[in-house]
There are 2 protein chains.
Amino acid sequence: MATPLEPTKRAYQSTEQRQSATIEAVVHLCAEQDPSTLTTARIANEVGLSQGALFKHFPNKNSLWKSVAGWVSEQLTQRVFSVADQHKHADQALEAMFLAHIGFIARHPGIPRLMLGELQKPGNGPAKRIVRETLTNYRQKVISLLNLGIEQQRVTPTIDADAAAVLYLGAIQGLVVQGMVGGDIRSLEKIAPRIFRIFSACFQEAPDAPQA
Amino acid sequence: MATPLEPTKRAYQSTEQRQSATIEAVVHLCAEQDPSTLTTARIANEVGLSQGALFKHFPNKNSLWKSVAGWVSEQLTQRVFSVADQHKHADQALEAMFLAHIGFIARHPGIPRLMLGELQKPGNGPAKRIVRETLTNYRQKVISLLNLGIEQQRVTPTIDADAAAVLYLGAIQGLVVQGMVGGDIRSLEKIAPRIFRIFSACFQEAPDAPQA
DNA sequence: TGAAAGAAAGTAATCAATCGCTTTATTTTG
DNA sequence: CAAAATAAAGCGATTGATTACTTTCTTTCA
């Protein structure tokens, strides 16, 4: 008789470990799959669990999406805001935020799909609420940096800060969508500085107000 | 016995009529529903057909998506390009395109969801191809307008046209996403001019190159 | 009158969630 | 400290609901 082929000990893990592994698996899977087509079976398989076992750690699928949105929000906010605070000049902070954001996305290509996927849903699901609040928060940060820049005389005082903040976020989104069209999210980091450079013209000296 | 309750005359229509009615129904439904959750039953109901009858006019659901993508591409391209051609100054053409695009979206709030939904899908489905080609086409138009603007001395000759085109599309997308966050796509038209105004600083005289 | 348009019922597949039961980990207790 | 007891993590099968698409038969109209 052949070797008894040990009964493949199951590697039990705590719910917390499984939860974070599952969240990472979802983020990872979204790099190459539309979130709305992600099945619990596919996710469980990626984590190394049976489909049913997933529900030992999340009460339902919606709760999983909420956790994923929370993770993304936390990571993004933390990383982007922290690099901004390392610069004392507002314009440098804005540039650092921009590049950090693109870098974060380049390392986690599934994130745009996740966030856009949530925004697609109408209504006020908990996951969508998190994404919305994160974006609003982000926009506020940009606005206050622009205002700080005005005080520091590094930003045109006549700037329309609200509109500039929308354009700032749009620059990131345009870059990301451009990456989705081209198919290579990871190469975004190369062109990101060029995009920011041209955006930066918007908050520097106004063209129709030549220096007196 | 009660009245025979007349057999409710059916209004037969040609396949072509049903096809365009179906496409419009999809665009309309996407205004308040994630495209990936749209069922053939829901669409048929909107058109006023039984679910099965839909397949008399489209061989399958993918073919319907392809038709919808084609309709959107055609409408958008036609409207946006035609207003651009009504202006001889490149900068004015860019502004008119921008406002026409936002206006079109404001009148068809489902369109961003449709296009983003297609871009979410990985691979090279026919519908995604159409969306991708439309965006690429659009970007090319912006680039050539910027180059024309340089000849007309209405655009800074030192501009990074490729990057500016990405920023231009990003400005639109940022505005749209902003509308999705706020929930009211239709109010975009009010702030659109402000966004374009601040974007326009990017292609006007460069700040660090005071006119010689 | 026959071909196209439609309704209504049916089919096979998919998927989130549940269930019964087993295996591992932790806690209680003699 | 070991053995018993409880709790937690896991599997595999199943269930019920949903969905794209098909089939059968009926109605319209050119």
Side-chain angles (χ1 to χ4, degrees), chain A residues 4-26 29-30 33-69 117-118 120-121 125-127, chain B residues 4-26 29-30 33-69 114 117-118 120-121 123 125-127:
Chain A
L5 191 58
E6 352 202 336
T8 55
K9 277 219 171 193
R10 273 186 227 158
Y12 276 46
Q13 291 189 39
S14 74
T15 281
E16 282 141 37
Q17 285 175 306
R18 289 303 196 191
Q19 280 172 341
S20 58
T22 304
I23 291 170
E24 277 178 40
V26 168
L29 284 173
C30 283
Q33 196 168 348
D34 181 352
S36 70
T37 71
L38 262 191
T39 68
T40 53
R42 181 79 187 81
I43 297 167
N45 178 68
E46 181 83 4
V47 182
L49 278 178
S50 71
Q51 186 256 341
L54 214 59
F55 292 88
K56 293 273 173 172
H57 310 297
F58 293 93
N60 51 52
K61 208 187 180 187
N62 260 343
S63 154
L64 169 56
W65 285 117
K66 192 172 124 186
S67 297
V68 171
E118 283 304 323
Q120 298 273 45
K121 304 182 194 170
Chain B
L5 194 58
E6 350 199 339
T8 56
K9 277 216 167 192
R10 274 183 227 158
Y12 275 46
Q13 292 189 37
S14 73
T15 281
E16 280 140 38
Q17 285 175 306
R18 289 302 196 195
Q19 280 173 340
S20 57
T22 304
I23 290 169
E24 277 177 39
V26 168
L29 284 172
C30 284
Q33 196 169 346
D34 182 352
S36 71
T37 71
L38 261 191
T39 67
T40 53
R42 181 81 186 82
I43 295 167
N45 178 68
E46 182 83 3
V47 181
L49 279 179
S50 71
Q51 187 255 345
L54 215 60
F55 292 88
K56 289 273 153 92
H57 310 295
F58 292 94
N60 51 52
K61 209 188 180 186
N62 260 343
S63 154
L64 169 55
W65 285 118
K66 193 172 125 188
S67 298
V68 171
L114 267 169
E118 282 305 321
Q120 297 274 43
K121 305 182 193 169

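Quick note on labels: first sequence line is chain A, next is B, and so on, each numbered from 1. From a predicted model like this one, the values you see are computed outputs, not experimental measurements.
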Could you check whether any side-chain heavy atom of B:Arg18 comes within less than 4.5 Å of a side-chain heavy atom of B:Lys56, counting everything from C-beta outward? no
Closest of C:dG6, C:dG10, C:dT22 to the A:Arg10 side chain is C:dT22
Please give me the minimum heavy-atom distance between B:Leu49 and B:His57, naming the atom from each residue. CD1-CD2, 4.2 Å
What's the shortest heavy-atom distance between B:Ile23 and B:Ser67, and which atoms? CD1-CB, 3.8 Å
Please state how far atom CG in A:Asn45 lies from atom C1' in C:dC15, giving the value in whole angstrom units. 15 Å
Of the options C:dA7, C:dT18, D:dG10, whose atoms approach the side-chain atoms of A:Phe55 most closely? C:dT18
Look at all strands and tell whether B:Thr39 reaches a base, only sugar-phosphate, or nothing, counting heavy atoms closer than 4.0 Å. sugar-phosphate
Using a heavy-atom cut-off of under 4.0 Å over every strand shown, decide if A:Leu64 touches base, sugar-phosphate, or nothing. nothing
Counting neighbours of NZ on A:Lys66 that are heavy atoms of other residues, nucleotides or ligands and sit closer than 6.0 Å, is the number greater than 12? no
For the side chain of A:Gln51, counting heavy atoms from C-beta on, which of C:dG6, C:dT18, D:dT19 is nearest? C:dT18
Side-chain N or O of A:Arg18 less than 4.0 angstrom from OP1 or OP2 on D:dG10? yes
Classify the nucleic acid contact of B:Lys61 as base, sugar-phosphate or nothing, counting any heavy atom under 4.0 Å across all strands shown. sugar-phosphate
Whole angstrom is fine here: how far is it from CD in A:Gln17 over to P in C:dT24? 17 Å
Between atom NZ in B:Lys56 and atom P in D:dT24, what is the gap in whole Å? 12 Å
Which whole-number value in Å describes the distance from B:His57 NE2 to D:dC21 P? 15 Å
Here the distance between atom C1' of D:dA9 and atom CG of A:Leu49, to the nearest Å, is 9 Å
Taken to the nearest whole Å, CH2/A:Trp65 to P/C:dA17 is 12 Å
Rounded to whole angstrom units, what separation is found between the CZ atom of A:Arg42 and the C1' atom of C:dT14? 16 Å
Nearest to the side chain of B:Thr15 - C:dT22, C:dA5, C:dT18? C:dA5
Nearest atoms (heavy-atom pairs only) where B:Phe55 meets B:Asn60: CE2-CA, 4.0 Å
Using OP1 and OP2 only, check whether a side-chain N or O of A:Thr40 sits under 4.0 Å from C:dA16. yes
Between B:Leu54 (CG) and C:dA4 (P), how many Å, whole number? 19 Å
